[in-house]
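A quick write-up on the structure given underneath.
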Amino acid sequence: MNGPKILFNIPIFGGLPINETMVVSWLVMAVIILLAYLGTRKLERIPGKAQLVTEGYVSVVYSMVEQSMGKDKLGFAPYIGTLFAFSLFSSLSSLFGLRPPTADLNTTLGWALITFFLVQANGIRQKGLKGYLKGFMDPLPMLLPLNLISEISNPISLSFRHFGNIAGGMVITMLLYNFLAWLSSVVLGFIPFIDAIPLLQVGIPAVLSIYFDLFTSVLQAFIFCMLTMVFVAMAMD
Amino acid sequence: MERAIILAASAIGAGLAMIAGIGPGIGQGFAAGKGAEAVGRQPEAQSDIVRTMLLGAAVAESTGIYGLVIALLLLFANPLINLL
């Protein structure tokens with residue numbers, strides 16, 4: 001497995017490398033914007049198919065936010081919905097043979113840092129600076145280092161969980177492809193013309209792909225949003 | 001020679017790091033078992049139970065993911081080989 005390929009350089013600040021991760025995430029953003037535009041283009045009283053799907057998604061996100069954060073924090077719903085869509089489409093882009101942006105720690109760490117700053121900022125806004133700082137010495141003042149460590153480990157575990165799941169799936173799929181290439185060269189190697197084509201690679205990896213590409217992508221997007229909501233709601237209550 | 005020893009030790013270390021997979025396996029199995037129990041007791045609350053169970057399973061998974069990250073580091077971005 002290699003890291004994301006550098007596709008081209010932008011010649012400012014001595015060359016900004018633009019790699020696969022960024023280009024694929026631009027593609028994902030474009031797809032999401034296009035879908036949002038198509039879904040809300042002609043809003044009518046009796047919704048068409050596209051409007052129905054969009055309305056369903058929005059209402060699911062709002063009910064999820066209401067259930068896990070409470071009615072007073074519905075303002076977070078647009079951010080959570082965007083995060084869920086971005087994470088889901090990023091991970092699902094591996095179905096089209098692209099390198100998923102979430103298999104790069106930079107992407108998930110960025111999202112986790114947004115969550116981290118949301119938690120801190122809303123904690124300060126809700127409790128005031130004094131109450132926020134007091135929260136770190138919650139049961140006893142001598143637990144301050146432990147509270148600090150647990151606060152800092154949140155974004156790390158959040159980002160590594162999402163990254164590890166997607167990247168681990170990528171590594172296992174790659175190992176399976178290499179194994180199937182070897183197997184087909186052993187089993188079918190004696191037939192002329194066919195021995196150059198790894199025929200066993202057809203179809204068999206699709207079974208793994210259902211788990212690693214579809215199930216893991218949906219689950220990790222859901223869990224990332226869920227944990228973001230839980231952390232922010234915990235900091236504000 | 002030194003390089004070969006480091007490479008061999010890194011490969012063994014990557015394998016050893018994945019022993020961390022035992023913990024999440026036990027934890028997620030426990031969560032799933034309790035979830036099945038809860039659904040059996042209260043089938044009408046299934047969606048809530050499944051959501052809580054998935055969340056708990058994901059949190060239990062993070063130690064295993066740390067092990068996976070160490071293994072990936074040793075295999076693909078080995079920091080030890082640069083110390084020679």
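Chain naming here is simple, since letters A, B, ... match the order of the sequence lines and numbering starts at 1 in each.
More than 12 heavy atoms of other residues, nucleotides or ligands shown are found within 6.0 angstrom of CD on Glu44(B). More than 12 heavy atoms of other residues, nucleotides or ligands lie within 6.0 Å of CD in Glu66(A), so this atom counts as buried by the packing criterion.
Per-residue heavy-atom pair counts under 4.5 Å with chain B were compared for Leu105(A), Leu227(A), Asn165(A), Leu219(A), and the maximum is reached by Asn165(A). Top candidate by heavy-atom pairs under 4.5 Å with chain A, chosen from Leu68(B), Ile65(B), Asp48(B), is Ile65(B).
Looking at Leu54(B) and Met226(A), their side chains never come closer than 4.5 Å, going by heavy atoms from C-beta outward.
With Arg161(A) contributing its side chain and Ala58(B) its backbone, the two residues share a donor-acceptor pair below 3.5 Å.
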